[in-house]
Structure formats: C-alpha cells, structure tokens
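Index from 1, following the sequence. All ligand and atom numbering here is 1-based and tracks the order in the structure. All values reported here derive from a predicted model rather than from experimental measurement.
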Amino acid sequence: MFSIHALFIAGVSYLLLLFGAAYLTEQGKLPRRLVRHPLVHALSLGIYTSVWTYYGIFGIVQDAGITYLTSYLGATLAFVLAPAIMVPILRIARTHQLSSLADLFSFRFRSGPVGTLTSLLVVAATLPLIAIQIQAVADSLYLLNNDAPRDLIAATFCAVMALFAILFGARHASLRNRNNGLVVAMAVESLVKLVALLTIAGYALFSIFGGPSGLEQWLTDNPAALQRIQHIPENENWNTLLLAFFATTIVMPHMFHLAFTENSSALSLQKASWLMPLYLFLMAITVPIIVWAGIKLEATNVTEYLVLNIGVVLDSRTLTLLAFLGGLSAASGVIIVATVSMASMLQNHLLLPITRVPDNVRFYNWLLWLRRILILVLMSASYLFYTLLARPETLYLLGLIAFISFLQFLPGLLATLFWAGINRWGFVLGLCTGTGCWLLTMLLPMLLDQNISVLDFDINTDDWHQSAVLSLLLNCVVLVVTSRLLPTGEEERKAADACMLNVMQQPMGIRLNATRVEDFEALLRPRFGAETAQRELQSAIAQLGINYEVLSPLDLLRLRTQLEQHLSGLVGPVEAATILEPLDRQDPIEGFRARDVHLLESQLEQYHQRLGGLAAELDELRRYHRLTLQKLPVGVCTLDSDGRILFWNAEIEHYTGLSVDDVLTWRPASLPSPWGELFTRFTEGDQSHLESQKLVVQGQPRWFSLHKAQLNEQKAHAGMVILLEDESDTLMLADKLAHNERLASIGRFAAGVAHEIGNPVTGIACLAQNLKFETESPLVLESGEQILDQTKRISRIVQSLVRFAHTGRQDHSTQHDPVDIYACITEAIQLVSLDTRGRHQRYQNDVPPALQVVGDMQQLLQIFVNLLNNACDASPEQGLISISAEREDEKVIIRMLDEGSGIPAELQDRLFEPFFTTKDPGKGTGLGLALVYNIIEEHYGNIEILSPANKKQNKGTLVVITLPGLPPSEL
Ligand code: ADP
Ligand code: MG
C-alpha cells in the first residue's frame, strides 16, 4: 500500500515536526505565555497513552471486553486524585529538587542504596515498556509494507529518538531548569494521538455506519458485536488492573518526569485533574466504535493494530497514515521521556556515587555528557531488549508484566506521603519481596517458557492476577512489619516529616561548622571544581538575597539548605547530602531554639496556603496570638533556654531602633549600648522589676521600666519573657505638671509678695517725700530723691513681676492691641536682670521707640523673656545681647543677637520640640522655645534661629522674629 520511501518520509516529516516544535520553543520563538501555560503542560501528560493504549487496547477488548476501560479509569483516578497525591509529590520534588522516583525515595529514606535499587528496578520495568514501543512502530510499518526491513527501521527509529532525547531532554546540567521544548513536543504528540483516534472513529461512525442511528441499527442487528464490548470477565482481574494503571500513572519514569520534574507549578496538575480525564474519556469512547467498525469491515485479523488495519481495509491512505502517525507519536513520547528520566536516575544513583569528577573538566559539561551517554546506552539496551524478547504476540504480555512491576512502588510511595512510620528497611524489604515474588511468578515463567503465548497468560486466566495480588500483598505486609520492628534513624525521621502531607518540615536542629562562604566553597571545590563551586554558591546566595559579606548564623543555615536543594537538582539528593555533611555539627541543644522558631515561622508563612481543617484553625490562632504580641504597646522580648533572643516585638524595635532580624539569636550582652548593659543586668539580677531606668537614647534621656518572668517556674533555664515599658512620657508629664504647678504658685506668691512689699515701699516713699518738709540740708534732700527713685524702681519691678505671673492666664485668649516693642523689651530686660544669670550681661536695646506691633503685651513679654534667658544661658559673662527691630512693609522684624556658644547644626531641627534641652535638669525645661513658638504662631508671626551668627568665630545666635505691624492707617 505504501512504499518504504513514502513511509519513511512520512515518519521523518512527523518527527521533524516534533523537533521543530521543540526547537522553536527552546529558541523562544513561540509565545512564552503559550509555552508556560499550565494547559500545555497538562496536555503533555497525555504521554500516558503509549502504544499500549493506542494499539494494545484493541487486544484487550478482544480478550476481556469492557475490562479495557481499566487502563483509562486507573489513570483517570490518578489524575482526579492529583490534588491529594500528585500535588504533594510535586511540592516535595520542587522543594528538594528531586528529579525522579529514585531521587524521591533516596531523599525520603536518606539512603543511597535505596536510590540505586529503585533506579535499577525502574529501569528493569521500563525497558520492556520501551521495547514494546519500538516493536509497535516496527510492526506497524511491517503491516503497511511487508518488505520493510524491520530491524533496520527499529534501529533507525531508536537512533532518532536518542537524538531527540539528547537534544531536548538533556539541555541543562541541572534538573532545576525545565526543558520547555520537550514539554511542548509532548503536548503536540498528545494532540496528534487524540486527533488520529477521533478522526478514525468519526470516520467509522459517520461513513461506515452512517451516523449514530446507523450504528445503533447495526448493533441491534449484530448483538454479538455489542456483546464483545459489554462482556465482563467473571474473575476480578479488573481490580488489579485498575490499581496497576493507577500506580503506573504516577510511578512510570516518563510520567514522573513530566508531572514533577518538568513542572513548575501545581496549577498544571490542578488543570490536569480535569483535562486528563476528559482526554482519556475521548480516547476511550473511540475504542468500541473502532472495534465495531473493524468487525463490520472484517478487519479484525490483526487484533492489536486494528486502527491501522481499518485504513488498510478501506484502502484509505489518509486514514492509514493518520493511524500510523498517531502510533508513532504514542511510541516516541514514551521512549524519549522515559530514557531522559532513566538517564538522570542512573546518573544520580549509579554513576555519581562511584565516579570522581576528573579535575580538568568543566563540571556542568561533564555532567551533561554523562547524561547523554547514558541516554545512548539506555536506548541501545532497549533496542537489544526488543530484538531479544519482543515477538509480535508478546507485546501485550510484556506490557502487562511491566505494569505489574510498577505496582510494587505504590505502597512505598503512598507511605511516603501518608505514613511517617515507614523506614528504609521496610521499604527495601517490602520492595524486594514484592519484586521477587513478581519475578518468580511472572517474569521467570515467561522467560523460561519458550513456547509461551498470549493465551497461556491470558487475561482471563487467574495466574497473573494472583501473582500480582500476592506480590503486592507481601510487599505491604513486609513493609509495615519491618518498619515497625527495625529502628528508624534521626535523619530519616526528619525526611519523613519533609514528605508528609500537612506536616511542615522541622528546621534542622543543627549548628554549622561553617562561618564564612569560603567554608562552603572548600567543601564543594574538590567535588565540582572551583568554577562550578563558585557558581553554585553565587546562585544560592543570590536566590536567598543575603549579604555575601556578613553572614549571620541564620543566613549560613539557610545557605546550607538552599545549597543542598540546588545540588540535589544537579547530582541527586544523596550526593548533595553527602557533600554537605561535614558542615553539620552534632551538638543539639535542648528546647526550642531561636533560629528554629524563626525558620519555622518563615516556613509557616509559605505553608499557610496549604493548611486545611484543624491545622488551618490552629494556624489562625497562632497568627492571632503572634499578632497580639507583635502589636502590644509594650516592648516584649523572650529569651530561649540558651539565653538567646527568640522574640522581639515591634514596640521594642521602636524603642531600641534594633530590628528583629538583627538581634535574633543574639545574647542580650551582645546588644549595643546602652541596651546590652541594661538587659544583662536585668536578666542576671534577682529582681523581677526595675523601675524608671534612665538611659540616654540617641542623645535624649529616656526612662524605662522592666519586668521579667520565667517561662517555666519549675525549670531554672527554660527561657524568660521580658517586658520593657517606656515611662519617659509619663515621667516628663509629671515633671512638667509639677513645674507648672511651681510656676503657678510663684505667680501667686509674686502677687502676694508684691502686695506685701507695696505697703512698706509706699511707706518708705512717703517718708522720703516728707523729708522735703523736714530738712533744708541739700545732702539729705538728695538722698530723699534717690530713695524715691529707688522705691519707684522697686514698684516697677514688682509690677512687672506681677504682670508676668499673670501671663499664664487660663483663658488663653490672645489680645490684639498695639504693643510698643521698645517698652516691652525694656521690661523683659529688667525681668531677666533680676535673675543671677541675667545680671551679668550687657543689654543693648536698639529698637526704634515708636515701633509697634499688634499683639498681646503679656505674651510678647514672655517671648522676649524666654529668648533673653536662653541668650544669657549661652553667653559668657559680660556678653553683649543686642536687640534691634525694623519695619518692613506691614511687618516688623525683630532681631536678637547674642555672643554665646551657638547651637550645633544637628540640634537646630529640634529646638522647638517641647522638652528639648541641652541643659542640666533643674536648669532647663526645654519648654522655653516651644512656648515662644506657640505664641508667635498665635500672633501670625514667624521665628527663625540662625546659628552660628558669627561665622568666623563660630559662635553667637541670631533670633529673627517677624510679627505683624500696625496697619498703615493706624500709624
Ligand atoms: P531650655 O532653655 O529650657 O533648655 P529652650 O526651649 O528655651 O529650653 O531651648 C532649647 C535649647 O536650645 C537649649 O537647651 C539650648 O541648647 C538651645 N538654645 C536656645 N537658644 C539658644 C541660644 N541663644 N544660644 C545657644 N543655645 C540656645
Ligand atoms: Mg530656655
């Protein structure tokens, strides 16, 4: 029907299409959104439908009728359960960079031999599977052209497959990187298969039967045909088959590779959980239609290749070619991906543990070539297997045997996810027992019995079924019993937690022997060479976003974890762990430790989405409590049993200016001054309360009180919780109140004193005046005048004192009257000179006498008194303080210049803050300028303090006040 050339060209063009799809993807020619789309990835899982499903299924229908559905249902079950089984596996595989089933098991059981055993068994079970794919391609070609050189075709096909696997399946040394080309090519293949089957079934339905009603009519006329599909074998083989197909969907290397290794998000698995059942459903419904069409066309002489034969019998080149290409894609998908996956398995678990990287090679290249050579070796082995074993009639049997052998991994896999009690002994012994049983009861008879035929191992006989059930049962029993009897290592227990569902990975309770990045490098260099070691370290550090120069213990620990995961992607989990092992120091401390808690929490942060049920509720509760502590308006910190800081809430961060990341795992003594001393004194002391501790924080005095409590009263070193309360505001408020109170009483006294002084002074003034009438002596008269002058001065002083005392009136209303600045300043100077500090200065009032501003006389007086006081405080003895003023438009600008110390630039921003003072307690209140500021605000004025006023000598302060002057009309 077809010439060899035509078939060859068709096959090659199809494979070229695959190469093209993969190539375009890798070159970035296809839209990224398409390539990365979860649906594309989900579709690539259609690789499940190998030639077993594509061709072999018709053999099953022939033998066992409806049982054929198990192949679809088993897989459907696996995909529907994806969120419960596949997604958790994906999580483990992604987190720990596991690239195959062997990686998963060796990681879970912390054992290299487990990985080796798994790899060997998987390879042993997969080779027959690949052999039947090769055979199917060769057979189908042979069917189309009896002259085709079968073995040559098979060999060529294998070579092309190997080329594809090398080109697109082994692109990156590290398995961290996804081979997008491979995924897209597999998605294309899934589509081709589906389209081929649907087209043929559609053609059969509409052309051969004349539509659904025609088919119905034909079925009524031929009940035997219907019976053939509906027929249910009496034994219960289908249970076992269902289970076997369920297991293979997850465990087969090509499925594992596409579902987990080449997958970056759980989203695609979630999509696959409906897309794949749909896909399989569409595939499954084509089967009966094609079978019936075969019966009608009397094309059933070749059971397995019925799809192909329909086209042949109908003499339709298009249909035949389509069927052939569908078969080709079913075969090639499995072959390519399975070899890629097995190559990485053998690399990690067979070769790397026993080979040393030569010193003079580049590690990544070396690794890639290793994998490529393994692919070639595996492909050759498959070909050999095909030539030795495969005969047309054994296609189905070989497949079945392979599937049952995959079933042996199911107990171990499920236990990995759901039962933390399993240990490596249980796993290995269970697997060996199961596989041994399978070997003895299934494989050996087949290998020994040269005359074996499909009929001997017919699906209707119970032999294989019993053998499968027996081996699985033995596997499970041995697994459980051994795991219970033999001890589990600490390492293994931790790995178990890492794999369990809903159990979060315990942070490793280890300390590191490393303190610097160089320590890590020293470990990696001998194994990978300097360049690779550097690169791996850099990428791990970059991914963590930590600072290369300063690595805290926590960073080191994170770096170690990150590095282990990276290396696991490169050389497998066992190698990675072995390489990094010298880092771990085994001196665990009891109890919860600071970084553990921190790691735990940061992991919970990522994990939180995945929690459900009680765990989610508890996590909510934990968050609530944590938030409460975080937001408590009191500083809280806890120390662990080791005396290291474990918790540091937001308020204490605010008090101390130290962030939690900085202080975590520190001992209090390492905290910077003054906190270090305070905390050490307090934690080591007997007192559980310390009141009003004065600290100078950022140049400001603050008062704190501390409280502590032991976390466990019975045990002496169970850690403690410390509360830190900022009392500064309260204390200062109390101070301020007391001070105000004092001021108010001084005001009252002043009024009283003024009154009391008034009477005697009036008396003295009267007496002095009377002197005029008593004597003529000029000396006495002059003295009288002088006494009068002095009494007047006394009255003036007393009056201004009284006035000032009244400034702090309660009503706060500001009057707006014209105020004579000159007089105001004169009075202020007089008041200031009453004080000792003001007595020894020189004042110079240069204000023009007529200048007036609008304001409240008393309040303005207060301004000038405060400013003069400050100037006196800052000035040396006999310093000159000069005040000048001028009118500018509607404003009056008043300048007060002193020759004092000046104000340092860094303090100038804070001058107007209440309580900001540089003076000793009792001397300054820090309220002066604040008050000035407020008053000037109320007067719609402005104040500026410039210092140093004298730039040359770097001293002196100039205060510039702008106040509204009188409107021109009133001038
Ligand atoms: P107090 O005088 O009670 O300290 P103030 O609010 O009046 O409070 O002043 C705040 C601070 O501003 C003073 O402690 C001082 O350091 C600085 N200061 C104010 N005026 C001057 C000045 N003329 N020269 C130098 N320093 C000044
Ligand atoms: Mg002051």
Answer yes when R910 and E913 have at least one side-chain N-carboxylate O distance shorter than 4.0 Å, and no when they do not. yes
Provide, to 0.1 Å, the distance between atom 2 (O) of ligand 1 and the closest protein heavy atom, together with that atom's residue and name. K919 NZ, 2.7 Å
Heavy-atom pair with the smallest gap, counting every atom of S882 and D846: CB-OD2, 4.5 Å
Let me check your reading of the structure: within less than 2.8 Å of the Mg ion (ligand 2), is there an N/O/S atom from N870? yes
Of all protein heavy atoms, the one nearest atom 11 (C) of ligand 1 is F916 O, 4.0 Å
Please indicate whether any nitrogen or oxygen in N870 is less than 3.5 Å from any nitrogen or oxygen in ligand 1. yes
If the plane angle is over 60° it's perpendicular, under 30° parallel, otherwise tilted; pick one for Y940 and H816. parallel
Can you tell me which residue and heavy atom of the protein come closest to atom 15 (C) of ligand 1, and the distance to 0.1 Å? T918 OG1, 3.6 Å
For a 4.5 angstrom cut-off between non-hydrogen side-chain atoms, does N950 reach E899? no
Mind telling me whether H689 and H707 have parallel, tilted or perpendicular rings, with 30° and 60° as the class edges? perpendicular
Tell me, which protein residue and heavy-atom name are nearest atom 1 (P) of ligand 1, and how many Å apart are they? G926 N, 3.5 Å
Options L911, N866, L867, T917, ranked by nearest heavy atom to atom 4 (O) of ligand 1, top entry: T917
May I ask you to identify the nearest protein heavy atom to atom 18 (N) of ligand 1, giving residue, atom name and distance to one decimal place in Å? I903 CD1, 4.0 Å
Please examine the side chains of M896 and L868, heavy atoms only from C-beta on, and report whether any two atoms are closer than 4.5 Å. yes
Have a look at V932, T957, L929 and point out the one with the heavy atom closest to atom 5 (P) of ligand 1. L929
Residue, atom and distance of the protein heavy atom nearest atom 23 (N) of ligand 1 read D898 OD2, 2.9 Å
Close side-chain approach of V932 and V959, heavy atoms under 4.5 Å: no
From S875, P948, G956, A874 - option closest to atom 25 (C) of ligand 1 by heavy atom: A874
In this structure, are over 12 heavy atoms from other groups packed under 6.0 Å from L779 atom CG? no
Is the shortest distance from a heavy atom of G902 to ligand 1 less than 4.0 Å? yes
